[in-house]
Amino acid sequence: MRYTPSEIEPRWQAVWDADASLYAAEDVTAGKPKYYVLEMLPYPSGQLHMGHVRNYSIGDALARYQWMRGFNVLHPMGWDSFGLPAENAAIKNNIPPREWTLGNIAEMRVQMRRMGLSYDWQREVTTCLPDYYKWNQWLFLKMYEKGLAYRKQSKVNWCPQCATVLANEQVVNGRCWRHEDTIVEQRDLTQWFFRITKYADELLDGIDKLDGWPEKVRTMQRNWIGRSEGAEVTFHVTGTGHTITVFTTRIDTIFGATSVQIAPEHPLAKEFGAADSTLQQQIDAMIEQQKLAKEADALGAIEKQGVATGKFATNPFNGEQVPIWIGNYILADYGTGAIMSVPAHDERDFEFATKYGLEIKRVVAPNVDTDDLALPYSGEDEAVLIDSGDWSGKNPLEAQGEMAAYAEANGFGKATVTYRLKDWGVSRQRYWGTPIPIVYCDECGMQPVPLEQLPVLLPEKIDISGEGGSPLSRVPEFVNVKCPTCNGNAKRETDTMDTFVDSSWYFYRYTDAKNDSAPFDSVKANYWFPIDQYIGGVEHAILHLIYSRYWTKVMRDLGLIKNDEPATRLFTQGMVIKNGAKMSKSKGNIVSPDEMIAKYGADATRMYALFAAPPDRDLEWQEDGVAGISRFLARVYRLTTKYAPAIAAHERREKKTHAGSFAALTPEGMKLLRKLNQTIAKITLDFSGRWHFNTCIASVMTLMNEISASEVLMDGGAIAVETQTEVFRALTLMLAPFAPFLSQELWVLLGNEGPVFRASWPVADTELAKEDEIEIPIQVNGKLASVVRVAADASEDAIKSAAHAEEKVASRLAGKTIVKLIYVPGKLVNIVVK
RNA sequence: GCGGAGGUGGCGAAAUUGGCAGACGCACUAGCUUGAGGUGCUAGCGCCGCAAGGCAUAGGGGUUCAAGUCCCCUCCUCCGCACCA
């Protein structure tokens with residue numbers, strides 16, 4: 001019989017599609033241990049791409065394996081379905097966003113089913129539907145109540161392409177995360193923010209415990225949070241009532257401060273500029289320069305420039321007057337927007353001071369013997385303070401705490417911590433997102449929409465032009481509303497929420513997807529959480545993955561869940577590339593999954609995605625490789641179906657068929673069973689540990705080669721039907737995580753019933769797996785001379801004499817003296833000669 | 001510049017604890033089969049060499065009986081961060 005995936009796959013797909021219970025997770029009362037495996041939900045663009053295929057093939061293999069290992073598996077899927085492409089499609093093709101999106105979802109769901117992915121579709125979550133976004137609004141209001149959602153005016157990132165604001169996390173190299181070629185602008189706007197900074201320390205400290213996450217992601221998150229311990233010190237501006245507070249991590253060097261530098265956007269700069277129009281012009285130029293540099297993501301590249309204000313400030317530690325400068329390299333939105341400049345001990349300050357001829361005053365010296373007294377010197381631990389008043393002679397690290405305490409005691413400073421992390425701006429001036437449930441009343445001011453009035457529905461009839469502000473603001477029926485407090489005329493908030501809000505908690509909704517009285521039932525969430533294995537692309541390392549960690553902590557503090565982190569283990573799979581480059585439309589190197597499936601079948605396509613490289617590495621898509629997998633599956637099919645009738649008739653369904661029949665086992669059968677059990681052991685190990693599916697599949701291929709080589713023996717009766725049963729049964733089970741359609745087909749042909757992935761994973765018999773003969777390499781001076789074949793339990797002496805008996809060994813030993821002989825039991829012999 | 005991951009045949013890769021480098025697959029070569037057309041099977045396939053043998057895991061050095069694996073130096077590729085005081 002010929003292997004025809006185009007016949008087998010649709011047939012089983014129809015069976016599976018008709019049975020919603022097939023992949024359903026059991027409820028929380030199931031007596032089994034739970035296992036929550038999750039792949040990141042896709043944006044429904046309408047077409048699955050190879051990155052998805054790879055991501056889902058990994059997750060599906062794991063889900064099926066864990067089912068076979070006896071776990072209660074939760075393996076859901078959903079749609080991150082709000083977002084701009086739907087609006088763009090509406091503008092371009094005049095299709096309503098909802099219609100376009102739901103159409104895409106339907107198409108992609110078909111593609112996923114065609115791939116045979118084992119999702120529990122009863123738990124499907126579609127974020128753009130009111131039954132989901134209602135809970136976004138509900139959670140928003142809970143956060144509003146707790147002061148975690150607030151409105152403020154600030155400088156925000158504006159993507160002209162999206163015509164909306166972006167959060168800091170969504171700006172990549174100064175460009176929009178969705179539009180690589182679009183430079184993000186800076187604008188002043190009033191926006192809604194989530195107070196993620198409140199959880200900065202917990203988010204940072206939690207990283208240490210995420211030992212199931214890739215180090216790379218942990219490092220990126222640490223960098224992003226950017227915690228910096230230091231101190232604030234307040235300087236009085238001479239002759240005015242003003243003060244300047246600086247932030248420094250090196251308060252110990254304050255006796256070496258020779259100027260104070262403030263950002264051009266610092267409030268005092270404005271003050272100074274007001275009295276001096278030349279100065280104001282210089283300040284304006286710097287502001288413009290910083291803005292442009294930020295937009296070009298070249299803040300680090302601008303040349304340091306400054307302008308002296310002519311004003312002075314008093315160093316509260318020693319009473320010295322230092323000049324106040326405005327520096328183009330000082331950022332208004334980090335720390336206090338002002339620094340003290342210590343040229344002797346900071347590289348940047350040194351550069352600046354040298355350029356403008358400012359005083360350089362050494363206050364730290366190395367306390368170890370060194371000739372290198374060059375400045376700037378930034379040593380801390382092996383150093384000592386000099387010319388620093390009462391702190392002279394102290395170690396800098398020690399002095400830092402003391403000096404901050406001193407500043408605090410005297411009212412001009414304190415120890416403090418700053419973060420690079422900023423609050424999460426969530427307002428979007430777009431239509432296709434969750435409406436922010438807030439109403440503005442002339443009388444009562446800002447009012448939250450009462451919970452019982454949720455959801456605030458998106459109006460269906462809307463004209464999206466892509467121009468001029470938030471589309472919702474042009475829908476009077478939406479905007480005009482009665483104030484929930486005074487019932488007077490009021491207006492709705494017309495911005496919608498960032499779509500990253502949707503994906504911050506969607507995985508909780510899977511645990512109770514149809515709940516219409518709460519986002520989910522806490523009992524259910526607490527049973528399933530945390531996620532045991534989360535799988536997705538590394539591109540979300542600081543976007544989705546930091547937001548969802550934050551959201552988990554917020555929901556915990558709202559009493560909804562108990563876990564501190566969403567996922568115990570995270571796996572970031574590599575990219576799928578073609579001809580050395582990431583697949584993309586612009587490069588024209590896209591390979592369509594549908595085309596692959598049509599040509600080779602879903603099984604071969606999925607299996608290739610797992611075989612071609614370890615899952616964490618980039619994978620070069622080679623169609624010839626898919627053809628190779630397809631040939632392999634065809635061989636499995638041909639051989640299994642050849643013996644299946646006899647095996648099925650034999651009707652041996654027990655796990656350990658060989659138990660009573662060892663005596664009847666032929667040496668040839670024994671050999672095959674040995675290989676089988678070695679393969680089971682190898683795959684089981686790789687599955688539980690390193691996830692190297694490529695080597696798993698390679699070892700199944702090796703087994704298959706051995707079975708092929710035994711065909712004559714099976715035909716001739718040298719390998720009995722009992723043994724055949726054992727071999728083909730296990731082979732089929734081992735293929736189930738990788739090639740679900742084929743293994744299901746073979747499972748039934750072998751006389752079994754029910755889903756193959758609910759059968760038990762085979763257990764390796766270590767006794768059977770043992771070799772009775774082993775090969776021992778014989779080295780002479782570390783170089784391979786020969787290999788001897790000996791009984792597995794051969795004595796050291798027997799192996800040594802076998803080694804000496806080898807002609808090639810003897811010839812290399814001739815005329816030499818044996819200095820030493822290394823024998824590693826079961827591994828090798830190395831004869832060292834002179 | 002800082003941090004991380006990598007560099008092994010023509011290609012994707014394997015070598016899990018320092019112990020036969022290149023499993024498995026692709027491509028290629030030869031033969032058989034098939035007969036129309038990405039068929040199946042058998043054998044070969046790191047490099048040099050007729051062979052014996054030698055040389056090979058980015059390059060150089062070291063430790064060891066033994067190094068892809070451990071240590072030191074250098075080079076290259078990819079990713080992240082980068083005036084954050």
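Below, read A as the first sequence line, B as the second, and so on, with proteins coming before strands; counting in each chain starts at 1.
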Applying a 4.0 Å non-hydrogen cut-off, can you work out what [X] is touching in the nucleic acid: base, sugar-phosphate, or nothing?
X	answer
Ile629(A)	nothing
Lys599(A)	base
Ile330(A)	base
Phe350(A)	nothing
Leu821(A)	nothing
Lys682(A)	base
Arg635(A)	sugar-phosphate
Gly628(A)	sugar-phosphate

Check the interface with nucleotides 61-66 of chain B: list each N/O to N/O pair with the protein under 3.5 Å, or write none.
| residue | atom | partner | partner atom | Å |
| --- | --- | --- | --- | --- |
| rC65(B) | OP1 | Lys820(A) | NZ | 3.4 |
| rC65(B) | O2' | Asn830(A) | ND2 | 3.1 |
| rC65(B) | O2 | Asn830(A) | ND2 | 2.7 |

Closest approach of [X] and [Y], non-hydrogen atoms and distance?
X	Y	result
Asn315(A)	Phe235(A)	CA-CE2, 3.6 Å
Asn55(A)	Met40(A)	OD1-N, 4.1 Å
Val809(A)	Ile831(A)	CG1-CD1, 4.0 Å

Donor-acceptor pair under 3.5 Å: do we get one between Tyr600(A)'s side chain and the base of rG38(B)?
->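 Answer yes: a donor N or O sits under 3.5 Å from an acceptor.
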Under 4.0 Å from OP1 or OP2 of [N]: is there any side-chain N or O of [X] that close?
X	N	value
Lys827(A)	rG18(B)	no
Asn694(A)	rC24(B)	no
Ser228(A)	rA85(B)	yes

message: Between Phe352(A) and Tyr329(A) (judged by ring centroids, cut-off 6.0 Å), do the two rings come close enough to count as a pair?
response: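 They qualify: ring centres under 6.0 Å apart.
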**Message:** Given a 3.5 Å cut-off on both pairing distances, which stems involving RNA chain B, each at least three consecutive Watson-Crick or G-U pairs, are present, if any?
**Reply:**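 Stem list for RNA chain B: B:1-7 with B:75-81, B:10-12 with B:24-26, B:28-32 with B:40-44, B:46-48 with B:53-55, B:58-62 with B:70-74.
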Restricting to salt bridge (Lys or Arg N to Asp or Glu O under 4.0 Å), what partner residues turn up for [X], sequence neighbours left out?
X	value
Asp686(A)	Lys682(A), Arg690(A)
Lys578(A)	none
Lys155(A)	Asp188(A), Glu265(A)

Practice item. Report the nucleotide, chosen from rC81(B), rG12(B), rG38(B), that has the shortest atom-to-atom distance to any side-chain atom of Gln622(A). Key: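 For Gln622(A), the side-chain atoms sit closest to rG12(B).
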Is there any protein nitrogen or oxygen under 3.5 Å from a nitrogen or oxygen in nucleotides 27-37 of chain B, and what are the pairs?
| residue | atom | partner | partner atom | Å |
| --- | --- | --- | --- | --- |
| rA27(B) | OP2 | Arg631(A) | NH2 | 3.4 |

**Q.** Donor-acceptor contact below 3.5 Å, side chain Ser228(A) vs main chain Thr418(A)
**A.**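 Not confirmed, Ser228(A) side chain does not pair with Thr418(A) backbone.
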Query raised in the report: Would you say the side-chain atoms of Asp616(A) and Gln573(A) include a donor-acceptor pair closer than 3.5 Å?
Result: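 No, because no side-chain N or O of Asp616(A) sits under 3.5 Å from a partner of the opposite role on Gln573(A).
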| field | Residue list, side chain to side chain contact (heavy atoms under 4.5 Å, CB included) with Leu784(A), at least two apart or on another chain | value |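 Leu784(A): side chain to side chain contact (heavy atoms under 4.5 Å, CB included) contacts with Pro777(A), Val787(A).
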What residues from residues 705-714 of chain A pass a heavy-atom cutoff of under 4.0 Å to RNA chain B?
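Only Asn705(A) qualify.
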| request: Could you identify which residues of residues 609-621 of chain A place a heavy atom less than 4.0 Å from some atom of RNA chain B, listed by residue number, or say none? | output: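 Hits under 4.0 Å, by residue number: Phe611(A), Ala612(A), Pro614(A), Arg617(A), Asp618(A).
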Counting only pairs under 3.5 Å, give me each side-chain donor-acceptor contact of residues 337-347 of chain A, with atom names and distances, residues two or more places apart or in other chains.
| residue | atom | partner | partner atom | Å |
| --- | --- | --- | --- | --- |
| His345(A) | ND1 | Tyr377(A) | O | 2.8 |
| His345(A) | NE2 | Val363(A) | N | 2.9 |
| His345(A) | NE2 | Val364(A) | N | 3.1 |
| Asp346(A) | OD1 | Arg348(A) | N | 2.8 |
| Asp346(A) | OD1 | Arg348(A) | NE | 3.2 |
| Asp346(A) | OD1 | Asp349(A) | N | 3.0 |
| Asp346(A) | OD2 | Arg348(A) | NH2 | 2.6 |

Note to self: What is the separation between atom CE on Met220(A) and atom P on rA82(B), rounded to the nearest whole Å?
What the structure shows: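 The distance from CE of Met220(A) to P of rA82(B) comes to 10 Å, rounded to the nearest Å.
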(message) Listing request: all salt bridge (Lys or Arg N to Asp or Glu O under 4.0 Å) pairs with a residue in residues 250-259 of chain A, at least two apart in sequence or in separate chains.
(response)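 As it turns out, the salt bridge (Lys or Arg N to Asp or Glu O under 4.0 Å) pairs with a partner in residues 250-259 of chain A, which skip direct neighbours, are Arg250(A)-Asp252(A), Arg250(A)-Glu380(A).
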query: Got a sec, which pairs hit salt bridge (Lys or Arg N to Asp or Glu O under 4.0 Å) with one end in residues 222-232 of chain A, sequence neighbours left out?
result: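 The answer is Asp201(A)-Arg227(A), Asp208(A)-Arg222(A), Glu215(A)-Arg222(A), Arg227(A)-Glu229(A).
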Quick one, Val700(A) with Phe632(A), criterion side-chain contact (heavy atoms from CB on, under 4.5 Å). Give me CA distance, side-chain angles, the key distance, then yes/no.
CA-CA 10 Å; Val700(A) 181; Phe632(A) 164 74; 4.0 Å; yes
Once you measure the plane-to-plane angle for Phe571(A) and Trp691(A), does it fall in the parallel (<30°), tilted (30-60°) or perpendicular (>60°) bin?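 The arrangement is tilted - the two ring planes meet at 30° to 60°.
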